[in-house]
Amino acid sequence: MKSLVSLYITLACNVYASLAAIEVTPPSSPPTGNATAVVFPNFLGISLELSFINNYFGNSSNEAPPAMVNYLSAIRNRTFDRPVRLRLGGNSMDSSTYVPDQQDIIQFTNPNANSNDQPVNYGPALFDVMNTVSDMAGEVEYLIGLSLRNPNSTNIALLAGDAQKALGDKLDAYLLGNEPDLYTRHGQRPNIANYTVNDYIGEYWTVFNQLKYTPQGDVLELDKIAGPTICCAWDLNAVLSSGWLTSFKDRLKYITLQHYPQDNCRSTHKYELDYYLQHKETVELAQWQGPGIHNLSTMPPEIRRPLLMDEFSSASCGGLPGISDTFGAAMWTVDYALQMASVGYSAAYLHTRERGVTYNLFDYPDAPAGSGGDWTTNPTFYAYLPIAEALQSPNGSKVVDLDIENSMTDATATIAGYAIYDMTSSNVHRVVLFNFVNGSSTPVSFSLSPSFFSTSSNSVLVRYLTAPNVNEKTQIAWGNLTYAGVGDGNPIQATFDTARSDQTVDCSQGCTIDVPGPAVAVVYVGAPPILGAVKNSTSQTTGSGATSHSGTLGLRLPSATSLLLLSLPFVHIFSLL
């Protein structure tokens with residue numbers, strides 16, 4: 001009898017849960033001031049370890065792997081008029097040497113090196129493949145590292161000058177030094193007992209004086225330097241207040257940080273997958289260096305610089321099996337990216353290394369570089385698609401955490417959500433909703449207040465990032481498309497049960513959005529995303545990553561038309577086509 005009563009209670013609770021929609025309302029006013037950065041659909045970039053770049057880009061400009069081009073094209077086709085962000089760096093770039101007469105793209109120089117810091121010699125062929133990949137993918141802008149391990153080395157200026165000459169506007173910035181706050185721990189300054197911020201400032205001056213006189217001219221005047229690229233031991237606020245920023249502000253383009261939520265470099269870790277599924281933990285993680293971020297946001301425009309997270313992932317030194325390679329990590333990446341955007345970051349770069357490393361976005365074939373073969377798409381790559389589409393706007397966006405049911409502070413919360421505003425409007429133009437519950441048959445219903453929608457907004461598009469459970473590694477879908485089982489970087493139609501087709505919902509009086517568990521849903525308020533890179537007022541059909549899969553979503557549109565469509569309600573678009 002008790003078991004029967006328990007069954008009735010369970011059924012009743014499930015019915016109630018399905019009917020009791022969670023009320024969601026936008027802030028009374030959109031975010032203002034400098035604390036929330038203006039962000040663009042290319043917010044989420046890719047960080048690539050230098051030592052293995054030929055596996056991703058090929059050994060020459062004739063060998064760019066089609067799968068890599070397709071992955072980048074899939075992102076580029078969603079970033080509207082913005083290039084894909086790529087960073088070449090890591091520990092290996094800080095320990096490697098540029099050799100201007102070397103014919104090979106890279107040559108390993110220390111077979112006994114630590115796996116997390118494998119130095120190479122690299123030559124100008126690197127710039128050739130970087131240019132080729134950018135041209136093929138539709139447009140890429142690069143961060144590249146300049147080593148600070150030997151600030152007196154003439155190699156720094158040599159690399160900087162040749163890179164600028166070869167890449168031109170594709171070179172976004174130089175990252176001067178990589179994790180200098182770990183130089184003492186890693187034995188990089190054996191003659192200095194404790195390498196300090198003051199030591200760092202002195203070495204910055206040394207390199208700055210060299211960059212005025214490269215073989216290709218003064219690159220310092222390009223104002224493309226970035227730093228301090230600290231990760232762990234130093235306090236950003238202390239660096240900003242030390243005189244570093246005021247001394248170098250005229251030449252700095254970005255303030256840069258690197259950080260991982262946990263350290264796996266000693267083969268131990270603190271957190272399991274449930275940590276990444278707690279929105280409260282993600283909120284707290286984004287507050288790492290919070291005082292410095294706040295200080296930066298309050299500075300006058302002539303001093304303030306955009307803040308970048310130029311390397312991050314779920315765990316350092318390659319990630320953790322069963323955590324970094326799961327759908328849960330993909331959900332966390334979407335959540336953390338939006339959280340960083342909401343607290344002041346302008347961009348963030350997810351790291352990828354050699355084949356088989358757990359946190360990789362994708363894995364190249366187990367074959368010599370440039371020889372072809374099937375690639376594997378890993379869960380975290382899927383995060384790029386909803387982020388790019390959610391942040392799509394011709395004017396830039398501002399992101400605010402909706403703190404649904406106190407999810408920012410409640411460790412038991414299993415939901416979260418963000419509102420995204422067009423920079424020039426007080427209206428929300430995207431809503432992103434999270435259901436972190438693992439494999440629940442009952443979706444969470446979010447009741448969106450009518451105040452989310454203008455009087456002309458009727459039907460909205462809803463698109464889902466889904467998987468059977470948070471531990472899933474393969475059966476993942478975005479907009480009912482998946483990379484499961486394909487080797488060329490081109491998505492196919494998802495046929496597994498948990499894939500969700502796009503939904504059109506009438507929101508003229510407010511509406512209810514159902515989100516299965518686990519899943520992320522993007523609600524496109526006003527207009528659906530534009531797929532197809534827009535550049536110089538003409539249509540670009542770069543790569544094959546923009547497969548049409550819902551209505552007009554695969555169209556390549558001229559810039560003027562795209563701007564018009566982004567400003568119109570969803571239901572009006574079809575009357576124009």
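What you see is a predicted model, and the numbers here were worked out from it, not measured in a lab. Just so you know, residue 1 is the first one in the sequence shown, and it goes up from there. These numbers come from the heavy atoms of this one structure, side chains and all, not from hydrogens, waters or symmetry mates.
- Side chain to side chain, Thr377 and Tyr71 meet the donor-acceptor criterion of an N or O pair below 3.5 Å.
- The minimum heavy-atom distance linking His351 with Ser47 is given by the pair ND1-OG, 2.7 Å.
- Taking the side chain as every heavy atom from C-beta outward, Ile255 and Leu245 approach each other to under 4.5 Å.
- Side-chain contact annotation: Thr25 with Ser449, donor-acceptor N/O pair under 3.5 Å absent.
- Side chains of Ile387 and Val334 form a contact here, defined as non-hydrogen atoms less than 4.5 Å apart.
- Between Glu141 and the choices Arg87, Arg85, Lys170, the side chain to side chain contact (heavy atoms under 4.5 Å, CB included) rule is met once, by Arg85.
- Between the side chain of Arg430 and the main chain of Leu391, no donor-acceptor pair closer than 3.5 Å is present.
- Checking Tyr345 against Gln339 by side-chain atom types alone, no donor-acceptor pair falls below 3.5 Å.
- Residues Ser451 and Val428 fail the side-chain proximity criterion, which asks for heavy atoms closer than 4.5 Å.
- The side chain to side chain contact (heavy atoms under 4.5 Å, CB included) test applied to Phe436 returns Leu277, His279, Met331, Asp335, Ala416, Phe434, not counting sequence neighbours.
- The aromatic rings of Tyr142 and Phe57 sit perpendicular, their planes meeting at an angle over 60°, well past the 30° parallel limit.
- Between Tyr382 and Phe327, the distance separating the two ring centers is not shorter than 6.0 angstrom.
- Crowding of His294 atom NE2: a count of heavy atoms from other residues, nucleotides or ligands under 6.0 Å not exceeding 12.
- Within the 4.5 Å cutoff, the side chain of Leu211 has no heavy atoms near those of the Arg251 side chain.
- Within the structure, side chain to side chain donor-acceptor pair (under 3.5 Å) pairs that include any residue of residues 402-411 comprise Asp410-Thr412 (at least two apart or interchain).
- Contact check for Val399 versus Met340: no side-chain heavy atoms found under the 4.5 Å cut-off.
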